[in-house]
K.L.:
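Okay, here's the structure, questions in a sec.
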Number of protein chains: 2
Amino acid sequence: MANIREVAKRAGVGVGTVSRALNNTGYVAEETRQKIIDAVNELEYTPNELAKQLFRNRNGIVGVMVPNLEHPFFAKMMRHIEMELSKHGYKCLACNTIGIVNRQQSFMDMLDRNMVDGIIACVDSLADFEGRKGRAIVSMDRNWGPDVPIVLSDHGQGGRLAAEAFLRDGCRKVVQFTAGRKSETTNLRHEVLAQILQENQCEVITIGTKWDALSYAYNKSIVLQYMDVIQEADGLMTNDIGAMSCLVVAQKMGIKVPDQLKIIGYDGTEITNLTYPELSVVVQDCGELARNCVDMVLDMIDGNEPQTMRKIVPVTWKQGGTT
Amino acid sequence: MANIREVAKRAGVGVGTVSRALNNTGYVAEETRQKIIDAVNELEYTPNELAKQLFRNRNGIVGVMVPNLEHPFFAKMMRHIEMELSKHGYKCLACNTIGIVNRQQSFMDMLDRNMVDGIIACVDSLADFEGRKGRAIVSMDRNWGPDVPIVLSDHGQGGRLAAEAFLRDGCRKVVQFTAGRKSETTNLRHEVLAQILQENQCEVITIGTKWDALSYAYNKSIVLQYMDVIQEADGLMTNDIGAMSCLVVAQKMGIKVPDQLKIIGYDGTEITNLTYPELSVVVQDCGELARNCVDMVLDMIDGNEPQTMRKIVPVTWKQGGTT
DNA sequence: ATGAAAGCGCTAACAG
DNA sequence: CTGTTAGCGCTTTCAT
């Protein structure tokens, strides 16, 4: 645990010279540099990042909040965000917000305490954003008001793609499960789906749930609870997990998919490859979402105003065997 | 961005007093305390954690390495580890190691640079552990040699539970896909399974793969590649994703599960609820694994020797519809 | 009970 | 080219 002063002493130079040599900043004679390198090796010196961080008032860490790290969609986002951050030399501090009171607030506080340089938040409520205008915060897929830039999928397009698939298959009565709060940006998919289907004389039943809790058991219980509604429908759309739950329950009850019921998953995470038939899905481009979140937050950390307050990323359709 | 000196000046006291008041350390008169609190509020002062961290030479962060944050098992571990760390006031720095060269090494370096107080590693190779004896490193499920304490599931028991299920169902020929390197602790499950089955006149075919890459596509391609072998078998065990891939492919080919083929998943992540029939699985207790990893690493951060170099956590059997 | 002062380990400005 | 010095913002003796 040698420090820079010991290295300097051993090399017979001043600490400033050591710092310059090690950081390649400013001039240092080749001979001197070599003496310093030797001293570093002999002492097994490694710079203390904590001291650098204090000096710079930065620590190169971005906090990433999601409701649940285990949820396939958020896990995927987290993977992409972490890799993208690492490309830029940043580290990723991960945080589950569900199930821990005040977790979100304490995470936001870390910005003030300089424990993170910025935050990417994929969570619902806007708790404690007040007074943090100008801080490096980017929201993923949730509207936190006019002061927080948001990166999100084109859910209007998502709703349209799903509607077109249902119409293509001649559906007359489609059920959709919505998640979380009304008036969320993410509910646009359901509004667009309903509008397009209704314009085409297809009935739409919209059922509100709180899937976001991501209890697989809860998902299934909801499906079971509404099974009578589903049985009378010929189409269904909800998030991946919900859709897969429906598929399983429908199969168990002898409903033929896709003959009697078309099912569309929203998100398109990898797990939708693991059913039979494979789920037809609207795919969110997590790589691109992550890239935009990271670019924006790093730009803000550098002190710039957000280039845009709203970045929309296209979604794609992936045909499976359930439509 | 007021600092402690400005607060002190405003309150008309010394910085030491402010520090003591804010941290409840040492005496401070009620009247003085109040003046300080007022100053804090007026200035909207928040302590700079970076400075505290330098002083303590700790930052309250534990690095957690996994191959892939998106893999259901590692995502589950990450969730549990993060929640467990947060219970103890620690933060979780997440890291994907797959697909980025030298990622693991640079993560290990962070220990030396004081960028993390400790590391929980769920990765294969032992790159760069050399010379770090005594550092706060805990390994999850991988043997990194005698100097690194390890927390792992009782894979012997896991193999036994699976074997018993196959025998109960009268299997005569069981295929198992092994993942990653030979001689891994995790391969014990396959050895025990093979031994028990063979003792009971049940043939065992062991096929080595590199599932760990966690490409769902790769999983499926492997299953397809060995489909002729699988078709002649009446039992199959591999990790959750592999097992689900098999289930899908088998169903697609008209193989009846579980009548013609019994399938057992190893890990027991939530996604195994999402097939029909639900997968029968050996469940790893990620909560308990996480608790032990965290307890050990925090203990080591406190400067203690590991209480044990090997902590084994029981697994459980969960009966699904595929056996 | 409190203020002054000495660091924590590093960087950067400044004078030579 | 290099050594010295003054901080970064905080905590903690140590007198008083």
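Small disclaimer: the values here were computed from a predicted structure and weren't measured. Proteins get letters first, then strands, A, B, ... in listed order; numbering begins at 1 in each.
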K.L.:
CD1 of Ile4(B) versus C1' of dG3(C): gap in Å, rounded?
P.N.:
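Atom-to-atom, Ile4(B) to dG3(C), this comes out as 13 Å.
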
K.L.:
What nucleotide, of dT12(D), dC1(D), dG9(C), holds the atom closest to the side chain of Leu54(B)?
P.N.:
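The answer is dG9(C), which lies nearest to the side chain.
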
K.L.:
Whole Å only: how far is the CD atom of Gln53(A) from the P atom of dG7(D)?
P.N.:
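Result: 23 Å.
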
K.L.:
Establish, with yes or no, whether the OP1 or OP2 oxygen of dT11(D) is under 4.0 angstrom from a side-chain nitrogen or oxygen of Lys52(B).
P.N.:
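Affirmative; the distance criterion is met.
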
K.L.:
What's the closest nucleotide to the Asn23(B) side chain, out of dG9(C), dC8(D), dT11(D)?
P.N.:
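It is dT11(D).
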
K.L.:
Rounding to a whole Å, what distance do you find between Arg113(A):CZ and dC8(D):C1'?
P.N.:
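In whole Å, dC8(D) C1' and Arg113(A) CZ are 18 Å from each other.
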
K.L.:
Considering only side-chain heavy atoms of Val13(A), which listed nucleotide, dC8(D), dG3(D), dC10(C), is closest?
P.N.:
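Side chain of Val13(A) sits closest to dG3(D).
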
K.L.:
If you compare every side-chain N and O of Asn3(B) against the phosphate oxygens of dG9(D) (OP1, OP2), does one of them come in below 4.0 Å?
P.N.:
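The answer is yes; a side-chain N or O of Asn3(B) sits under 4.0 Å from OP1 or OP2.
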
K.L.:
Counting only side-chain nitrogens and oxygens, does Ser19(B) get under 4.0 Å of the OP1 or OP2 atom of dT11(D)?
P.N.:
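Yes, such a contact exists.
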
K.L.:
With the side chain of Pro47(B) defined as its heavy atoms from C-beta on, choose the nearest nucleotide among dC10(D), dG3(D), dC8(C).
P.N.:
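The answer is dC10(D).
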
K.L.:
Let me know the distance between CG of Leu22(B) and C1' of dT12(D), rounded to the nearest Å.
P.N.:
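So the CG-C1' distance, Leu22(B) to dT12(D), works out to 15 Å.
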
K.L.:
Heavy-atom count check: over 12 atoms from other residues, nucleotides or ligands less than 6.0 Å from Lys52(A) NZ?
P.N.:
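Check passes, neighbour count above 12.
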
K.L.:
Tell me whether the OP1 or OP2 atom of dA1(C) has a side-chain N or O from Arg33(B) closer than 4.0 Å.
P.N.:
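For dA1(C), neither OP1 nor OP2 has a side-chain N or O of Arg33(B) closer than 4.0 Å.
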
K.L.:
Would you mind reading off the distance between Asn57(A) atom CG and dG7(D) atom P, rounded to a whole angstrom?
P.N.:
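Interatomic distance, CG of Asn57(A) to P of dG7(D): 17 Å.
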
K.L.:
Ignoring backbone atoms, establish whether Tyr27(A) has a side-chain N or O less than 4.0 Å from OP1 or OP2 of dA12(C).
P.N.:
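Looking at the OP1 and OP2 atoms of dA12(C), neither is under 4.0 Å from any side-chain N or O of Tyr27(A).
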
K.L.:
Using whole Å, what does the distance between atom C1' of nucleotide dT11(C) and atom CG of Leu50(B) come to?
P.N.:
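About 14 Å, once rounded to whole Å.
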
K.L.:
Name the closest nucleotide to the Phe55(A) side chain, picking from dG7(D), dG9(D), dT2(D).
P.N.:
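When the side chain of Phe55(A) is considered, dG7(D) is the closest of dG7(D), dG9(D), dT2(D).
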
K.L.:
Answer yes or no: is there a donor N or O on one side and an acceptor on the other, between the side chain of Asn48(B) and the main chain of Leu50(B), under 3.5 Å?
P.N.:
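Yes, the answer is positive, given that a donor and an acceptor are paired below the 3.5 Å cut-off.
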
K.L.:
Which is more 5' along DNA chain C, the nucleotide nearest Thr46(A) or the one nearest Val28(B)? Just name the residue.
P.N.:
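Counting from the 5' end, the first nearest nucleotide belongs to Val28(B).
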
K.L.:
Taking the side chain of Arg20(A) as heavy atoms from C-beta outward, which of dT2(D), dT11(D), dG9(C) is closest to it?
P.N.:
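That would be dT2(D).
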
K.L.:
If you count the non-hydrogen atoms of other residues, nucleotides and ligands that lie under 6.0 Å from CD in Gln307(A), is the total more than 12?
P.N.:
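Incorrect, the count does not exceed 12.
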
K.L.:
About how many Å separate CD1 of Ile137(A) and CE of Met65(A), when rounded to the nearest 0.5 Å?
P.N.:
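Those atoms lie 7.5 Å apart.
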
K.L.:
Let me know, please, whether Glu30(A) or Val15(A) comes out on the 5' side of the other along DNA chain D by nearest nucleotide.
P.N.:
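The residue mapped nearer the 5' terminus is Glu30(A).
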
K.L.:
For Asn24(A) and dC10(C), what is the distance between atoms CG and P respectively, to the nearest whole Å?
P.N.:
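To the nearest whole Å, that distance equals 17 Å.
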
K.L.:
When you compare the side chain of Glu6(B) with that of Arg10(B), does any pair of heavy atoms fall below 4.5 Å?
P.N.:
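A side-chain contact is absent here, since even the closest heavy-atom pair is not under 4.5 Å.
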
K.L.:
Of the candidate nucleotides dT2(C), dG3(D), dG9(D), which contains the atom at the shortest distance from the side chain of Thr32(B)?
P.N.:
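The listed nucleotide nearest to Thr32(B)'s side chain is dT2(C).
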
K.L.:
Expressed as a whole number of angstroms, how long is the span from Glu49(A):CD to dC10(C):P?
P.N.:
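Spelled out: CD on Glu49(A) to P on dC10(C) is 10 Å.
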
K.L.:
Is there a donor-acceptor pair under 3.5 Å between the side chain of Asp299(B) and the backbone N or O of Asp295(B)?
P.N.:
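No; zero donor-acceptor contacts below 3.5 Å.
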
